[in-house]
Amino acid sequence: MLSESWYVASREIKHFYRRRIQVVTSLATPVIWLALFGYALSGGLPGFNLSSLGIEGIPTLLTFFVLSLNLEFWRSYILSNLTTTSYLSFLSPGIVAMTIMFTGMFAGVSIVFDRRFGYLNKLLVSPIPRSSIMFGKMISATVRAMIQGLIVIGLAVVLGAKMNTGLLGVVIAVPYMILFTLGFSGLSTAVGIKMAEHEEFFGIINLILLPLFFASGALVPIQLMPGWLQVVAYFNPLTYAVDALRLGLIGGTFGPLGGGYALIGIGGSLLVDAAVLTLFIVIMVSIGVTIFRRSLK
């Protein structure tokens with residue numbers, strides 16, 4: 001079944017990257033969020049202090065100490081950047097999670113078009129397991145999401161976001177990106193096989209995506225949300241993906257110190273995030289396989 005799934009996946013990947021405009025537009029949205037939204041709320045200063053927003057980091061007292069030194073602007077700027085977490089840095093993992101979520105959730109649209117143009121019928125009459133069609137779609141979405149996610153991380157660094165944990169943080173983040181994409185692509189393919197028109201698919205997917213994105217910790221700390229929205233956020237799988245990416249890329253309490261200090265105390269939270277995302281995959285794939293097989297009988 002693996003070889004059949006990879007055949008379906010490779011076709012999807014080639015089909016996507018041959019459409020250069022689609023590649024560009026898929027990266028344009030996260031860049032706009034980072035460049036406009038991130039800078040709008042941080043004033044474009046990577047040293048903007050977010051301790052008052054409940055974000056863990058070096059105590060605010062250290063920031064006040066730096067400001068009280070009355071140093072030249074460039075010296076104060078550098079020291080502030082070393083002792084605080086900018087909003088752009090805080091936002092970047094959320095935008096990475098948004099990018100891979102959108103890629104995973106739109107994986108099912110290819111099924112709608114495959115049915116319209118007759119390619120799905122060719123797959124159905126071929127001697128391959130029905131589930132390999134679904135898994136192939138999931139694999140292709142995951143590969144594309146990983147490439148796009150890594151590119152967005154690089155763009156965030158270029159725009160001024162600090163990745164306190166360096167390359168090790170990217171290595172930590174990648175497995176969570178894979179888990180998250182697989183879960184949403186499983187849900188997407190299940191929705192896609194039930195839809196006859198792509199307009200219906202986009203309508204349902206957008207209805208799911210926007211609440212998930214805004215009811216997570218991607219844009220603001222969960223602690224600042226109203227109580228009822230915090231409850232929703234803790235049942236939102238995107239919340240745990242964002243948390244894992246944020247811990248992996250900018251670290252924990254001592255993140256601004258960088259290096260090994262940024263990784264102190266993040267192991268427990270990462271285990272919780274992994275457990276939740278694994279459960280999410282199991283549920284979504286189980287539902288997806290069931291719907292997929294029943295729909296193709």
Side-chain angles (χ1 to χ4, degrees), residues 1-19 22-23 26 96-150 173-196 198 200-202 204-205 208-209 212 237-238 240-241 244 273-297:
M1 187 173 69
L2 291 176
S3 60
E4 293 88 348
S5 298
W6 179 247
Y7 169 78
V8 176
S10 61
R11 173 186 176 271
E12 294 290 325
I13 295 171
K14 292 176 182 177
H15 188 65
F16 177 79
Y17 285 105
R18 283 173 180 170
R19 296 180 174 179
Q22 191 174 3
V23 177
S26 66
V96 173
M98 179 195 75
T99 303
I100 62 178
M101 178 178 70
F102 274 59
T103 303
M105 284 297 280
F106 283 106
V109 72
S110 63
I111 297 179
V112 180
F113 286 109
D114 285 347
R115 175 187 283 136
R116 171 177 293 185
F117 295 112
Y119 181 73
L120 183 60
N121 291 331
K122 295 180 180 179
L123 290 176
L124 294 178
V125 298
S126 61
I128 62 174
R130 295 290 188 265
S131 56
S132 64
I133 302 174
M134 175 182 172
F135 290 135
K137 303 286 185 181
M138 293 172 58
I139 293 172
S140 67
T142 302
V143 172
R144 288 188 282 116
M146 293 307 100
I147 296 174
Q148 291 173 324
L150 293 174
V174 165
Y176 291 91
M177 294 165 64
I178 294 174
L179 289 174
F180 187 58
T181 308
L182 285 173
F184 271 105
S185 59
L187 173 62
S188 176
T189 51
V191 174
I193 199 64
K194 300 294 289 186
M195 298 293 104
H198 66 275
E200 298 175 354
F201 177 85
F202 287 130
I204 292 177
I205 292 301
I208 297 173
L209 284 177
L212 287 178
L238 179 60
Y240 298 92
D273 296 333
V276 173
L277 292 176
T278 301
L279 178 62
F280 175 63
I281 288 178
V282 172
I283 295 174
M284 290 298 100
V285 172
S286 299
I287 294 175
V289 169
T290 301
I291 294 176
F292 210 84
R293 287 176 175 174
R294 290 179 178 178
S295 300
L296 296 180
K297 286 184 178 180

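Atom set for the values below is all heavy atoms of this structure, side chains included, hydrogens, waters and symmetry mates excluded.
Scanning both residues, Ala97 and Leu238, for their nearest heavy atoms gives CB-CD1, 3.8 Å. Residues Ser185 and Ala141 approach most closely at CB-CB, 4.0 Å, considering heavy atoms. When all heavy atoms are compared, the tightest approach of Leu182 to Met138 is O-CE, 3.4 Å. Across all their heavy atoms, Thr181 and Thr142 have their closest contact at CG2-CA, 3.6 Å. Here the closest heavy-atom approach between residue Leu150 and residue Met177 is recorded as N-CE, 4.2 Å.
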Per-pair distances, 0.1 Å, donor-acceptor, side chain in residues 279-286, under 3.5 Å, sequence neighbours excluded:
unit_1	atom_1	unit_2	atom_2	d
Ser286	OG	Val282	O	2.6

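Ring-plane geometry between Phe180 and Phe184 is classed as perpendicular, the angle between the planes exceeding 60 degrees on a 0 to 90 degree scale with a lower cut at 30.
To the nearest 0.5 Å, atom OG of residue Ser188 and atom CE of residue Met101 are 12.0 Å apart. Taken from CE in Met105 to CD1 in Ile204, the straight-line distance is 10.0 Å, to the nearest 0.5 Å.
Leu187 places none of its side-chain heavy atoms less than 4.5 Å from the side chain of Ile287.
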Before giving the answer on side chain to side chain donor-acceptor pair (under 3.5 Å), spell out for Gln148 and Thr103 the whole-Å C-alpha distance, their side-chain angles and the decisive distance to 0.1 Å.
CA-CA 9 Å; Gln148 291 173 324; Thr103 303; 2.5 Å; yes
Give the intermediate values and the outcome of side-chain contact (heavy atoms from CB on, under 4.5 Å) for residues Phe135 and Val289.
CA-CA 9 Å; Phe135 290 135; Val289 169; 4.1 Å; yes
After noting the C-alpha distance and the side-chain angles of Tyr240 and Tyr176, does the key distance pass the ring-ring contact (aromatic ring centres under 6.0 Å, His included) rule?
CA-CA 9 Å; Tyr240 298 92; Tyr176 291 91; over 10 Å; no
